[in-house]
Amino acid sequence: MSITPESVKQLLSSEDLGDRLRAVNQIRELEPAIGFELIQSAIGDRNSRVRYSAVSQMDTLGTQDLQLSLDILRDRLLHDSEVDVQAAAADCLGALKLSEAFEDLQQLYHTTSEWLIQFSIIATLGELGDPRAFELLKEALSSENELVQTAAISSLGDLGDVQAVPLLAPYATNPDWQIRYRLVQALARLDNPEAKSILEILANDEVDAIASEAKNSLQSV
């Protein structure tokens, strides 16, 4: 059976959860403009799995109408009852570079007790590319959650503000090799002499993956 807008609409209105989840996946096969229209119905579904799957497609479909996407994602970010849906909304706001949502992201980071939401917000700020994110990312480096810390390191690299280099320097001796690896990737995006100096140290790291990544980065800076 071929996938058509009508067949997807029928599945989206089914009482069966499996049908509605299948419909969300089939939206990927449709023209983006049609997919954007249909995904809005799925984002309002009563089941959180359907809403999560639908919101997760907004990073691509959302380009069809950025203002409407901002309204939809901001609503799910602030008002959805499920943490994973809120986190997915944060991811997509960054992917679509919707800087208008920065203050919402900042406020939610400070008020939520859910680490997954905090992690998604910090991880998406690098993609968002808003200079106002620097102070929040600086704060996230002090998070008690190492995943949030690691996301902050990566996002500071993505943001490209060389003021981050002195803040990141202490992580060159962090006992967690994954944090040192993320540090190398971040420093490679921060093109200044101090970043290069730290990369030269990490090029001799005891972990081969880190040393190799640092050497490759030095060849490109």
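We count residues from 1, following the sequence as given.
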**Q** Do Glu82 and Arg46 sit within salt-bridge range, that is, some charged N less than 4.0 Å from a carboxylate O?
**A** no

**Q** Asp59: which residues meet the side chain to side chain donor-acceptor pair (under 3.5 Å) condition with it, sequence neighbours left out?
**A** none

**Q** Output all residues satisfying side chain to side chain donor-acceptor pair (under 3.5 Å) with Glu100, sequence neighbours left out; order by chain, then residue number.
**A** none

**Q** Do Glu127 side-chain atoms and Gly94 backbone N/O form a donor-acceptor pair below 3.5 Å?
**A**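 Flag not set: sc Glu127 to bb Gly94 has no pair under 3.5 Å.
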
**Q** Could you tell me which residues satisfy side chain to side chain donor-acceptor pair (under 3.5 Å) with Ser14, sequence neighbours excluded, listed by chain and number?
**A** Asp19

**Q** Side chains of Glu139 and His110: any donor to acceptor distance under 3.5 Å?
**A** yes

**Q** Does Asp208 have more than 12 heavy atoms from other residues, nucleotides or ligands lying within 6.0 Å of its CG?
**A** no

**Q** May I have the step-by-step check of side chain to side chain contact (heavy atoms under 4.5 Å, CB included) for Ile117 and Ile121, ending in yes or no?
**A** CA-CA 6 Å; Ile117 294 175; Ile121 288 172; 3.8 Å; yes

**Q** How long is the span from the CD1 atom in Ile210 to the OG atom in Ser217, to the nearest 0.5 Å?
**A** 11.5 Å

**Q** Gln118 side chain to Tyr109 main-chain N or O, any donor-acceptor pair under 3.5 Å?
**A**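 Yes, the answer is positive, given that a donor and an acceptor are paired below the 3.5 Å cut-off.
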
**Q** Ignoring hydrogens and geometry, is there a side-chain-to-backbone donor-acceptor pair from Arg76 to Gly44 under 3.5 Å?
**A** no

**Q** Taking only distance into account, with no hydrogens and no angle test, what donor-acceptor pairs under 3.5 Å do side-chain atoms of residues 164-178 form with protein atoms, sequence neighbours excluded?
**A**
from   : atom 1 : to     : atom 2 : distance (Å)
Tyr171 : OH     : Leu141 : O      : 3.1
Thr173 : OG1    : Pro170 : O      : 3.2
Asn174 : OD1    : Asp176 : N      : 2.8
Asp176 : OD1    : Gln178 : N      : 2.9

**Q** Which residues satisfy the side chain to side chain donor-acceptor pair (under 3.5 Å) test with Arg49, sequence neighbours excluded?
**A** none

**Q** Checking Arg182 against Thr150: is there a side-chain donor and acceptor pair closer than 3.5 Å?
**A** no

**Q** Just do the side chain to side chain contact (heavy atoms under 4.5 Å, CB included) check on Val162 and Glu194 with the steps written out, would you?
**A** CA-CA 9 Å; Val162 295; Glu194 187 179 357; over 6 Å; no

**Q** Once side chain to side chain contact (heavy atoms under 4.5 Å, CB included) is applied, do any residues pair with Gln67, and if so which ones, sequence neighbours excluded?
**A**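 Only Asp65, Leu70, Asp71 meet the side chain to side chain contact (heavy atoms under 4.5 Å, CB included) criterion with Gln67.
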
**Q** In Å, rounded to the nearest 0.5 Å, how long is the span from CD of Glu31 to CG of Leu38?
**A**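 Spacing of CD (Glu31) from CG (Leu38) equals 12.0 Å.
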
**Q** Less than 3.5 Å apart, any donor N or O on the side chain of Asp161 or Gln163 sitting next to an acceptor on the other?
**A**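 Looking only at side-chain atoms, Gln163 and Asp161 do form a donor-acceptor pair, the distance falling under 3.5 Å.
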
